[in-house]
Structures are given as structure tokens and as C-alpha cells.
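In this text, all values refer to a predicted model and were calculated from it rather than measured experimentally. Each chain gets a letter, A, B and so on, in the order its sequence line appears, and its residues count up from 1. When reading the values below, keep in mind they use all heavy atoms of this one structure, side chains included, and skip hydrogens, waters and symmetry mates.
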2 protein chains.
Amino acid sequence: MTNDARERILTACEQTIARAGIRGFRMQDVASTAGVSIGLLAYHFGDRDGLLQAALDHVTERAADRATHSADATTAATRLAALLCSEFGRDPEIRAGSIAWNELRALAVFEPAQAAAVARSTAAWQRTVHELIAEAVQDRGGDLDPAAAALILTALVEGLSGRWLTGQVTVEEAQVSVREAIRGLGL
Amino acid sequence: MTNDARERILTACEQTIARAGIRGFRMQDVASTAGVSIGLLAYHFGDRDGLLQAALDHVTERAADRATHSADATTAATRLAALLCSEFGRDPEIRAGSIAWNELRALAVFEPAQAAAVARSTAAWQRTVHELIAEAVQDRGGDLDPAAAALILTALVEGLSGRWLTGQVTVEEAQVSVREAIRGLGL
DNA sequence: GCGGCAACTGAAACTGTTTTCAGGATAGGC
DNA sequence: GCCTATCCTGAAAACAGTTTCAGTTGCCGC
């Protein structure tokens, strides 16, 4: 039951963050959503910061998983496009993850501890993109610097993600933009 | 004196948001920074939300101004690069504006009123970029769709801005990336 | 069945922040 | 000089949220 409760609390945290952001994150909401008492949050995670930290670790862990397990398309360029476009989608889980990630990034501007976690996670993702680009460049030739291109593409996806979450672009528009940028870089 | 005080309060708001984010935004901090009593904030702006709203309007207004008044370089492509790169810089004011904008964008995910303001402001900026691209395309020729390129470049700048504020890239790296992307798109 | 331990509860205490409000200062019109 | 309106103050009250803690439950080994 212990792990069950922990897991339920962390899931409730994600839902709460997706619904209201970190600013609107209330321990009471989390407890209610998870169907446990507020005291249990403290029992398992110490204080609000500990809970938030655990929840955010949970989110980034699952995001890292998703990034890894989406590789079975044919060419490197196709896999690259699929990986980057998987950040957008109608699936509520994708949106929730994206919102959590967005909040986390905003938080990181003021909290060095968060900044380190964000940086580590971003670097891992960018490295995956880097490798795919290097592979694609080998296929097609070209004078592109894979590291520079990886920075551009991942930053672009983050920017588009902000636009998408605020309703400024649709999923399709974001994905088209990503593909166009990949093409623009000569891949 | 009235407008003086109002203006000082709004400036203090920006500094406070830049220092601590919207979650760390304390009316008392604002009052101290502006050198006025906390009661005066209520007198002029009603409540916390009213103050925050006014401060954010103030930020977007000035951001729009800055975007408009930076046009005197030679070619359209040069002006485009200058405009986009002006989002990054060591000047504390640029950083503060960027942080405030970053916070505002994160807030907009949950507050439709903010989302509308952000969308309007972003659209204006993107339109400026669009026009510069159209001009540059005329100069050089090419099959680029200026609207699509404007979306890509502005979203890229927003993504890089997040990386910069969290210390993941330097001002120079961000600017180099922007220039490289412009070049990649064939401008 | 008893002792002890881990999971769990929720109301009360506490902390930090915002809002209110009675009133003080200043300037301008009469 | 007096009256009034506007700007402004800051302490007190109200509020929102987190943390604590004394106590309950149920399980497991003995």
C-alpha cells in the first residue's frame, strides 16, 4: 500500500500542476485528488518543496523514457522529426507533461536546484537529437554542424511548445514548423 | 506626483518580478522598492491582481516599443538579425524584461486574460519579423514562406530565451544560433 | 494477545501575505 | 484662512496555505 499511496500522490501532483501550474499548486488539492490526508504528504515527502521536487523528478523521468522509446522509423531524419514532433499532441498526458515541463523551466530561473535538474534533462534530450542529426548528415552529406543544429531544433521545440500551450498555434502548425526547420537546415 | 508614484510602482513591480518571479512577488517588496507605503498600491491599483495586471501591461507595452524602434541597419537581413538578437544581452534591463516576459508566458497557460495579451503582443512582434523577412526574400530571391519563417524564428528566440535565463546558454551562443538559423533558412 | 512499528489522519498552531481602514499631509479653489 | 479633494500612510484584521503532532489503524513477529 505504501508504494501505491506514494505513486498516487505523485500522479495527483502532476494532475494538479497541469491544472493550475506550480503557482496554483496546493497541498490540499493534491491530497484530495490522491484521496489521502494532507498529513501523509508530509509523512512521505517532508514538506512542500520535497513533494514538488519528487513530483518534478517523476515528470522528467517519464519524459526521458518517452524520448528514448520512440525510435523505430526508417531514416535518421524521419526518426528525428518523429522525436521532435512527439512533444506536441492531443493526448492529455502529453499536454500535462508539457505544462509541467514549462512550469519547471520557469521555476528554474529562480531556483538553482531546479535549474540543474532542467539543464541535465535538456542536455540528455539535446544529445539524442545531436546523434540523430549526425547520422542524418552522414546519409546526405552537407556542411551542417550537428551540435549547433541540435541546439536550434530543441530550442525551437521549446519555443513552439510555449506557443502551443498558450493557444497561439495548433499541434499541426507546430509540427509543420518543426519539419520545415529540419528541412531548412538541409536534412 | 501621482503619475510619478504610479510609474515608480510599476517599475518596482518589474524589478520585483525579475528578481523573484510572479510567485515570489510580494506587495511589501514592491512598496519598499518604490519607496511608498503598501496602502498606496491598493489606492492606485485595487488589489494584488490589479497591480500585477497593470505591471504586465506595462511590460508588454515597453517590449512592443523596443521591437519597433530598433530599425536603422542596412539590409533587411541585417536588421532582422539585429532585432532578434536584441532579445539577448548583458544589460540588466534586457534580462529583467526577458524574465518578466517569461513569467508572463508561463502565467498565460492558466489565465485566459493573460493569454490574450501575450498573443496580441507576440503577434505584433512576429508581424514585424514577417515584414523584414519578406523584404529580405525580395532582395535575395528564394522559395521561403515568410510567414512560416517568422513563426520559426520568433519561436526559436523564445526557446533560446528560456535556455539563456536558466544559464544553459550564453548571450553569444544564443545570438550565434539565431544568426545560424537565419542563414539556414536562406536569408 | 501483546508489543512494536509503519502507514495514516485531520484539527490546531503557525507563518507569511494581502486587504482594510481611520486618519494625516498637501495643494488648490474660494 | 477655511474647505475639499487627492494622495498617501502604516498598523490591525482577515486570509491563505503549510507544518506539526497527538492519536488511530492495521499488520507482523513473537
Side-chain angles (χ1 to χ4, degrees), chain A residues 1-59 99-100 103-104 106-107 109-111 113-114, chain B residues 1-59 99-100 103-104 106-107 109-111 113-114:
Chain A
M1 265 284 162
T2 300
N3 279 352
D4 186 57
R6 278 183 70 98
E7 197 60 34
R8 249 183 317 137
I9 290 170
L10 289 175
T11 304
C13 282
E14 273 178 65
Q15 290 173 351
T16 304
I17 293 172
R19 187 182 339 113
I22 287 177
R23 233 179 308 288
F25 180 95
R26 300 287 123 77
M27 315 257 296
Q28 186 56 67
D29 287 356
V30 175
S32 305
T33 305
V36 301
S37 72
I38 196 166
L40 192 61
L41 306 190
Y43 178 78
H44 281 304
F45 302 99
D47 56 10
R48 185 191 140 106
D49 275 357
L51 175 58
L52 218 36
Q53 188 65 56
L56 295 175
D57 285 353
H58 199 239
V59 168
I99 290 179
E103 287 287 304
L104 183 50
L107 187 65
V109 176
F110 306 103
E111 308 237 4
Q114 297 299 342
Chain B
M1 265 283 162
T2 299
N3 279 352
D4 187 57
R6 279 183 68 99
E7 196 61 32
R8 250 182 316 136
I9 290 170
L10 290 174
T11 304
C13 282
E14 272 177 66
Q15 291 173 350
T16 304
I17 293 172
R19 186 180 342 111
I22 287 177
R23 181 154 215 273
F25 180 94
R26 301 286 123 78
M27 315 260 294
Q28 185 57 65
D29 287 357
V30 175
S32 304
T33 305
V36 301
S37 72
I38 197 165
L40 192 61
L41 306 189
Y43 178 77
H44 280 304
F45 302 99
D47 56 9
R48 187 190 137 104
D49 275 356
L51 175 58
L52 217 36
Q53 186 66 54
L56 295 174
D57 286 351
H58 198 238
V59 168
I99 290 179
E103 286 286 302
L104 183 49
L107 186 65
V109 176
F110 307 103
E111 308 236 2
Q114 297 299 344

**Q** OP1 or OP2 of C:dA7 sitting under 4.0 Å from any side-chain N/O of A:Y43?
**A** yes
**Q** Starting at atom CG of A:L40, determine the distance to atom C1' of D:dT25, rounded to an integer number of angstrom.
**A** 13 Å
**Q** Does B:H44 have a side-chain nitrogen or oxygen under 4.0 Å from the phosphate oxygens OP1 or OP2 of D:dT6?
**A** no
**Q** Which nucleotide, D:dT19, C:dT19, C:dC8, lies nearest any side-chain atom of B:M27?
**A** C:dT19
**Q** Using the closest heavy atom to pick a nucleotide of DNA chain C for each, name whichever of A:V36 or B:R48 lands nearer the 5' end.
**A** A:V36
**Q** Specify the separation, in whole Å, of atom CZ of B:R6 and atom P of D:dT6.
**A** 15 Å
**Q** If you measure only the distance, is there a donor-acceptor pair under 3.5 Å linking the side chains of B:S32 and B:Q28?
**A** yes
**Q** Tell me the interatomic distance from B:D4, atom CG, to D:dT6, atom C1', rounded to whole angstroms.
**A** 15 Å
**Q** Measure CG/B:D29 against P/C:dG16 and give the value in whole Å, please.
**A** 13 Å
**Q** Salt bridge check, B:E103 against A:R23: does any charged N sit closer than 4.0 Å to a carboxylate O?
**A** yes
**Q** Using whole Å, what does the distance between atom P of nucleotide C:dT19 and atom CG of B:L52 come to?
**A** 11 Å
**Q** Which listed nucleotide (D:dT9, D:dT18, D:dG17) is nearest to the side chain of B:S37?
**A** D:dT9
**Q** Please state how far atom CZ in A:F45 lies from atom P in D:dT19, giving the value in whole angstrom units.
**A** 14 Å
**Q** Give the rounded distance in Å between these two atoms: CD1 of B:I22 and P of C:dT17.
**A** 16 Å
**Q** Look at the side chain of B:I38 and decide which nucleotide, out of C:dT9, D:dG17, D:dA11, has an atom nearest to it.
**A** D:dA11
**Q** Please find the pair of heavy atoms, one from A:I9 and one from A:H44, that lie closest to each other, and give the distance.
**A** CD1-CD2, 4.3 Å
**Q** So which atom in B:F25 and which in B:L51 form the shortest heavy-atom distance, rounded to 0.1 Å?
**A** CZ-CD2, 3.9 Å
**Q** Show the nearest heavy-atom pair for residues B:I22 and B:L104, with the distance to one decimal.
**A** CD1-N, 4.5 Å
**Q** Atom CG of B:D47 to atom C1' of C:dT17: distance rounded to whole Å?
**A** 13 Å
